[in-house]
Structure formats: structure tokens, C-alpha cells
Amino acid sequence: MAEKLSGVKGMNDILPTNSYQWLWLEGKLNAWLAQYGYNNMRTPILESTQLFTRSIGEVTDIVEKEMYSFVDSLNGDKLTLRPEGTAGVIRAVVEHSLLYNATQKLWYIGPMFRHERPQKGRYRQFHQLGVEALGFAGPDIDCEIILMLSHLWQILGLDGVELHINCLGNKEERLAHRQALINYFEQHQEILDEEAKRRLYTNPLRILDTKNQAMQELVTSAPRLIDYLGEDSLSHYNGWKTGLDALNINYIENPRLVRGLDYYNLSVFEWVSSDLGSQSTVCGGGRYDPLLAELGGKDNYAIGFAIGLERLLLSLEAQGKLPQKPVNDIYIVSDGDGTTALGFKLAAQLRSHGFSVIQNFGGGSFKAQFKRADNSGSALTLVIGENEVKQQQVVVKSMALKTQEVIELGNVIDKVKQLINR
Ligand code: ATP
Ligand code: MG
């Protein structure tokens with residue numbers, strides 16, 4: 001026998017035992033997004049590497065060490081498997097002039113790729129649902145973005161998610177704060193770890209995001225960006241908070257929330273679940289007004305977020321909020337001349353009334369077929385033998401009620417409707 005092959009480490013198969021949960025979630029997400037007027041957007045999984053280095057920023061976890069980048073051996077192009085969805089969407093929006101005299105509310109879903117150490121809630125291929133609202137200055141849209149997420153947790157029955165918010169101001173404010181941070185950290189060089197030292201002059205803001213316990217006290221007392229914000233940024237931040245208060249949405253102001261990507265400004269936020277251990281952020285997002293111009297578009301406004309779908313499903317599972325696997329309605333067993341043909345006819349009729357039908361294929365004794373019917377978890381079994389073909393009848397068995405009746409062909413649909421209650 002040939003050797004078995006394995007999938008790539010950190011990239012998971014989603015098997016039928018779980019895939020129905022994804023379909024269920026995707027159905028809820030589709031309906032929810034439509035309620036807020038968002039349109040679906042589909043961009044390629046491969047983009048040119050420079051799209052990500054330019055938009056995400058050179059000195060970020062993603063660009064420094066997490067990207068799957070390679071040279072196309074056929075033409076030498078530098079390509080990268082997308083590590084996130086915003087860059088591709090904005091590239092496409094600019095390329096196709098979607099913001100010409102218009103605003104856009106867009107959403108996407110799909111796999112993202114990051115070369116990280118795989119663990120629970122952290123994979124090398126994972127899935128995000130993302131939203132981008134383009135052309136709105138806010139803070140009204142910033143409020144609706146939070147509102148729609150808190151509505152989603154309600155729709156899904158997800159409890160225990162905490163909202164953290166912060167304001168990252170504008171470029172000049174961040175530059176002033178950056179200098180203050182560099183001065184501060186320079187005075188405490190001995191506490192900085194290797195990564196922090198490397199980032200001190202390239203991206204000191206990201207030091208605030210460190211997970212290193214030994215540096216927690218240092219970063220807690222570091223200069224806060226909020227103290228460097230000017231009037232416009234503060235008024236945007238206050239407008240956002242006042243809006244959230246009016247909507248009765250609870251939040252925690254977290255001055256150290258900086259987000260992992262360079263393109264953010266003003267409002268940023270994260271939703272943190274209590275059920276996920278250290279991989280606890282289910283959703284992250286914020287405003288990224290400068291990105292459109294940075295990718296060759298006109299100056300404009302942008303805000304969005306991405307939900308990690310594996311983490312969302314893990315939290316729902318921990319809270320027992322995932323549905324049962326849906327049941328198949330009908331399994332048809334048949335044996336003898338003309339029984340398969342009658343089975344096809346009946347199955348087509350039942351499906352036209354909206355029922356799901358599995359026909360037994362590959363023969364087998366009635367006993368073997370009944371066993372398969374059981375294993376399929378179907379609500380009803382219809383039995384067709386030669387006698388039934390002759391009499392134009394079928395036996396209808398209900399597994400749940402443990403009943404069995406002979407029904408005239410013309411009455412089968414009504415009988416099934418009655419038993420399945422549809
Ligand atoms: P983390 O701090 O956990 O690495 P991040 O800041 O890198 O998260 P974002 O780039 O903001 O994450 O992505 C948005 C969401 O996508 C995250 O909040 C998380 O739910 C999910 N996510 C990010 N990376 C992974 C991964 N490697 N595996 C599974 N989900 C992920
Ligand atoms: Mg990360």
C-alpha cells in the first residue's frame with residue numbers, strides 16, 4: 001500500500017462532523033449582514049507581496065514573520081497568501097473605482113494564512129468574516145459597527161464577550177506620542193526584551209502590545225496616547241463613546257489597545273471572550289482612513305473589523321450554543337424488481353415538497369439496509385419491496401414513534417407531512 005499523506009501543519013480539514021456548524025454560522029452571518037445593508041465582496045487568496053508590506057506595515061508581526069510568501073517560478077512574481085482581508089478589498093475597491101461618487105458597505109469571508117505556532121484558537125489557515133464601511137467619516141458609523149456586532153452576539157446567543165476600545169488619533173499625534181515612548185523606553189532599556197529593543201526605533205507603539213509578563217509594569221506606566229490627542233481626535237472619540245452610551249453598550253477603555261496592523265487611526269476595538277484562554281480575541285477592528293490613499297486611491301474614510309470564525313465557534317461550543325446536526329428526513333430502502341425505479345420516483349416527489357431524501361444504493365438485505373437507515377439518523381424510513389410495487393403502496397416507518405404503516409402511493413406525501421410535522 002502507498003504511504004498515507006498528511007495535510008499541512010496548522011491547516012485543518014473541516015469534516016462532516018463539524019461542517020454543518022460552519023454552514024449554520026454562515027447562514028446566520030449572511031442574514032445579519034443583509035440586515036445592515038452590506039454587500040458581499042470576493043477577492044483572490046493570492047496577492048502581490050507588496051500589497052501587504054505596504055498596507056500592513058514592515059515592522060509588524062504579520063509582515064516580519066507570519067506571511068507565506070514565495071516567488072512564482074513561472075514568471076518571478078513575488079506573491080503572498082493573504083494573511084488578512086482588508087488589503088485585498090481596498091486594492092480591489094481602488095482598482096475598480098468603487099468609491100467614485102459613492103460609499104460602500106462590504107463584507108467578505110474566507111481563509112487567511114499566517115505562519116504562526118499552531119495551538120487551540122491559532123492556526124496557519126484560519127477563517128475570517130470581515131466588514132469594511134467606506135466613505136463614512138463617523139463617529140455614527142463607528143457606533144453602528146459596534147451595535148451590529150453586539151446584535152450578532154445576541155443572535156448567536158454568545159455571552160461573556162467584553163468590548164475594549166481606544167482612540168489612536170492621527171499621524172501627527174501618534175508621532176508626538178511615539179517620541180515620548182522612545183524617550184521613556186530608552187530610560188528603561190534594561191527591562192526591554194529582544195523584540196522590544198528591535199522595535200524601539202521602528203515601531204515603539206507595538207511594544208505596548210507585548211505579552212511578556214516581565215514588561216507589564218513598564219508598559220502600564222508608559223506615556224498614554226490619549227494624552228497626546230488633539231481636539232478633533234478627542235471629539236471623534238467622545239462622539240463614539242456618547243453614541244455607545246446612548247445605545248446601552250458596555251465598553252472598557254483600554255489605552256494600551258493598539259492593534260497589530262499599522263494602518264489604523266482614531267477608533268480601534270476588540271471583543272474578548274472569557275472562554276478562549278490566551279487566544280481570547282474573537283473580533284478586532286477599527287478605523288483605517290489613511291489606507292485608501294496609501295494604496296493609490298483618493299483620500300477617504302474607512303472602518304472595519306474581522307471576526308476569527310474558529311474562535312467564534314470555539315466560544316459558542318464552550319457555552320453549548322451550537323445546534324444539533326440537522327436530521328435527514330427520509331431514507332428509502334428497496335429490494336426487488338422495479339423497486340429502485342419506484343424509489344427514484346418517490347424520492348423526486350418528496351424532494352419537490354422540500355424533504356431531504358437518501359435512497360439506499362448498492363443493494364443489501366433488508367436487514368443491512370435498515371441498519372444503514374438507522375445510521376443515517378433519518379426521521380422516517382420508507383420501505384419498497386416487490387409487493388409494494390405491485391400494490392402501488394409503501395411502508396412508512398417512524399423511528400421516533402416506533403410505528404409502521406402501509407400507505408397508498410397517492411397518500412405518501414400527506415402521511416410524511418403529518419409525521420414530520422411540516
Ligand atoms: P492575535 O493577537 O490573537 O494574534 P491578531 O491581532 O493577530 O490576533 P487580527 O489580525 O486582528 O488578529 O485578526 C482578527 C481576528 O482573526 C482575531 O481577533 C482572531 O479572532 C482571528 N485570528 C487572527 N490570527 C489567527 C490565527 N492564526 N488563527 C485563528 N484565528 C486567528
Ligand atoms: Mg496575531
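In each ligand, atom 1 is the first atom listed, and ligand 1 is the first ligand listed.
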Ion pair [X]/[Y], N-O distance below 4.0 Å:
X    : Y    : value
D61  : R114 : no
D193 : R199 : no
E64  : R206 : no
K241 : D245 : no

Check ligand 1 against R122 and write out every atom of the ligand that is under 4.0 Å from a heavy-atom position of the residue.
1 (P), 3 (O), 4 (O), 26 (C), 27 (N), 28 (N), 29 (C)
Quick check on contacts: which atoms of ligand 1 are under 4.0 angstrom from a heavy atom of K211?
2 (O)
Polar-atom distance check: [X] versus ligand 1, any N or O pair below 3.5 Å?
X    : answer
F126 : no
E310 : no
E270 : no

Counting heavy atoms only, name the option from [options] that's nearest to [atom].
atom                    : options          : answer
atom 21 (C) of ligand 1 : G285, G308, P118 : G308
atom 12 (O) of ligand 1 : E116, R259, R114 : R114
atom 19 (C) of ligand 1 : I56, T281, L309  : T281

Just heavy atoms, cut-off under 4.0 Å: does L312 contact ligand 1 by side chain, backbone, both, or neither?
neither
Just let me know how M112 lines up against ligand 1, side chain, backbone, both or neither, with a heavy-atom cut-off below 4.0 Å.
neither
Using the ring of each side chain (for Trp, its six-membered ring), is Y68 parallel, tilted or perpendicular to F113, with breaks at 30° and 60°?
perpendicular
Taking only non-hydrogen atoms of Q119, do any sit less than 4.0 angstrom from ligand 1?
no
Under 3.5 Å side-chain donor-acceptor pair for D275 and Q319:
yes
What one should report as the nearest heavy-atom pair of G169 and N265 is O-CB, 3.4 Å
Pick one: which of T381, V416, L346 meets side chain to side chain contact (heavy atoms under 4.5 Å, CB included) with I330?
V416
